[in-house]
Asker: 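If you scroll down you'll find the structure; I have some questions about it.
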Amino acid sequence: PNFKLNKAVIDRRIALLEEEGIVFKYNSPVDVEHLPEGFDAYVVSTGTPTARDLKIPGRELKGVHFALEMLSQQNRVLAGMEFKKEELVNAKGKDVLVIGGGDTGSDCIGTAHRQGCKSVTQIEIMPRPVDGPDDPKNPWPNWPRTLKTTSSHEEGCTRRWNINSLEFLGDKNGKLTGVRVQEITWKPNPDGGRPLMEPVGKPEIIKCEMVLLAMGFLKPEQPKFAPNVFVAGDAANGASLVVRAMASGKQIAAQIDKFLSK
Ligand SMILES: Cc1cc2nc3c(=O)[nH]c(=O)nc-3n(C[C@H](O)[C@H](O)[C@H](O)COP(=O)(O)OP(=O)(O)OC[C@H]3O[C@@H](n4cnc5c(N)ncnc54)[C@H](O)[C@@H]3O)c2cc1C
């Protein structure tokens, strides 16, 4: 979102790269299984295009969206692009439920606020992380499972953990009116596998007119490429961070240099 990264920063960086001699071609989808001819080496850096879906009853209702339907459209709206009213994914005047407690969900909260939503609730299926760095079960250098509170959370949001979504509910016009959810608990798996989810108490309904699904992205499976095709960034490693994508790009650049120098 622009409130996190002003697009002028991106434009400035692209201008620098163009000055270095890189040619960017926009609106050019490439079928990576049939790469265009005429290059000595290729880098596939197509990111993680497939968001994790929530296939529970009512998924087809009007008002249930993937997070990026909203987030990428909002960037385009702010860049001056126009959309038909029926295409707009806009939270104005709505109670919004964000499903997924991570960074993408946090971006949805900040964007919903800027669009003028009535309220935002964020639910997460996993337990609330510890509110500090000192969990002995989670020592360095493991990924810190600590509670993250972003500026978007601070702008106002109800946050709940250990909540499973059971069903999207709608009216007779096919419009979303709420989500049936249930509090759960996680029990250790006697077989040593993933912890087991157990319901706690009765299901309840969270009233909302908009749901944003922010439950992560599937790691892409790449075909077996020829030796002159390299894969970088999220396309290689799964959804991660900008710094990791940049580090991956630098590593791949070094590998291509070696490959071409042979
Ligand atoms: C909502 C959201 C918020 C995030 N916030 C942060 C954050 O705050 N900090 C952080 O560090 N990271 C954040 N990330 C993660 C970060 O954006 C990614 O890790 C990073 O952008 C990965 O870079 P990449 O170049 O590998 O892929 P991407 O940035 O995903 O770029 C892939 C590009 O390839 C294009 N493409 C895909 N398929 C094709 C094709 N067939 N032909 C041509 N082009 C194609 C796509 O249109 C896209 O432009 C966030 C991600 C999301 C989704």
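None of these values were measured; they are calculated from a predicted model. One-based numbering, in listed order, for ligands and for the atoms of each. All residue numbers refer to positions in the sequence shown, counting from 1.
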Asker: Quick one: nearest non-hydrogen protein atom to atom 12 (N) of ligand 1, plus distance?
Answerer: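 For atom 12 (N) of ligand 1, the nearest protein heavy atom comes out as V242 N, 3.4 Å.
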Asker: Looking at E155 and R114, is there a salt bridge between them, counting it only when a charged N and a carboxylate O are closer than 4.0 Å?
Answerer: yes
Asker: Protein heavy atoms near atom 48 (C) of ligand 1, is at least one of them under 4.0 angstrom away?
Answerer: no
Asker: Would you mind listing which atoms of ligand 1 come within a distance below 4.0 Å of any non-hydrogen atom of F217?
Answerer: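 Checking each atom against F217, I get 53 (C).
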Asker: I need the contact type for D103 against ligand 1. Using non-hydrogen atoms and a strict under-4.0 Å cut-off, is it side chain, backbone, both or neither?
Answerer: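 Answer for D103: neither.
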Asker: Classify the contact between V32 and ligand 1 as side chain, backbone, both or neither, using a heavy-atom distance cut-off of under 4.0 Å.
Answerer: neither
Asker: Atom 39 (C) of ligand 1: which of T104, T46, V243, D31 has the nearest heavy atom?
Answerer: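 Looking at heavy atoms only, the winner is T46.
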Asker: Which heavy atom of the protein is the closest neighbour of atom 15 (C) of ligand 1, given with residue, atom name and distance?
Answerer: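 Its nearest protein heavy-atom neighbour is S240 O, 3.1 Å.
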Asker: For P29, counting its heavy atoms only, list the atoms of ligand 1 lying under 4.0 Å from any of them.
Answerer: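 Under 4.0 Å from P29, ligand 1 has these atoms: 42 (N), 43 (C).
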Asker: How far is atom 26 (O) of ligand 1 from its nearest protein heavy atom, and which residue and atom name does that atom have?
Answerer: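 Here the closest protein heavy atom is D234 N, 2.9 Å.
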Asker: Numbering the atoms of ligand 1 from 1, which are under 4.0 Å from a heavy atom of L71?
Answerer: 1 (C)
Asker: Identify the closest protein heavy atom to atom 3 (C) of ligand 1: which residue and atom is it, and at what distance?
Answerer: D107 OD2, 3.1 Å
Asker: List ligand 1 atoms under 4.0 Å from K4, heavy atoms only on the residue side.
Answerer: 5 (N), 6 (C), 7 (C), 8 (O)
Asker: Check whether any N or O atom of T48, backbone or side chain, sits under 3.5 Å from an N or O atom of ligand 1, and answer yes or no.
Answerer: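 The answer is no, given that T48 and ligand 1 share no N or O pair closer than 3.5 Å.
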Asker: Using only atom types and a distance under 3.5 Å, with no angle test, would you say the side chain of N162 pairs donor to acceptor with the backbone of E183?
Answerer: no
Asker: Return the residue, atom name and 0.1 Å-rounded distance of the protein heavy atom closest to atom 9 (N) of ligand 1.
Answerer: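 Looking only at protein heavy atoms, the one closest to atom 9 (N) of ligand 1 is L241 CD2, 4.2 Å.
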Asker: For the pair K207 and E209, find out whether any cationic side-chain nitrogen is under 4.0 Å from an anionic carboxylate oxygen.
Answerer: yes
Asker: Atoms of ligand 1 less than 4.0 Å from G233 heavy atoms?
Answerer: 26 (O)
Asker: Return yes if some donor-acceptor pair links the side-chain N/O of S152 with the main-chain N/O of S106 below 3.5 Å, else return no.
Answerer: yes
Asker: So which heavy atom in the protein is nearest atom 23 (O) of ligand 1, and how far is it from that ligand atom?
Answerer: A245 CB, 3.4 Å
Asker: Could you tell me whether P49 approaches ligand 1 through its side chain, its backbone, both or neither, with non-hydrogen atoms closer than 4.0 Å?
Answerer: neither
Asker: How close does the nearest protein non-hydrogen atom get to atom 42 (N) of ligand 1, and which residue and atom is it?
Answerer: V30 N, 2.8 Å
Asker: What is the nearest protein non-hydrogen atom to atom 25 (O) of ligand 1, stated with its residue, atom name and distance?
Answerer: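 Atom 25 (O) of ligand 1 sits closest to the protein heavy atom S45 O, 4.4 Å.
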Asker: Please compare G216, G47, A67 and report which has the shortest non-hydrogen distance to atom 28 (P) of ligand 1.
Answerer: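 Minimum heavy-atom distance to atom 28 (P) of ligand 1 goes to G47.
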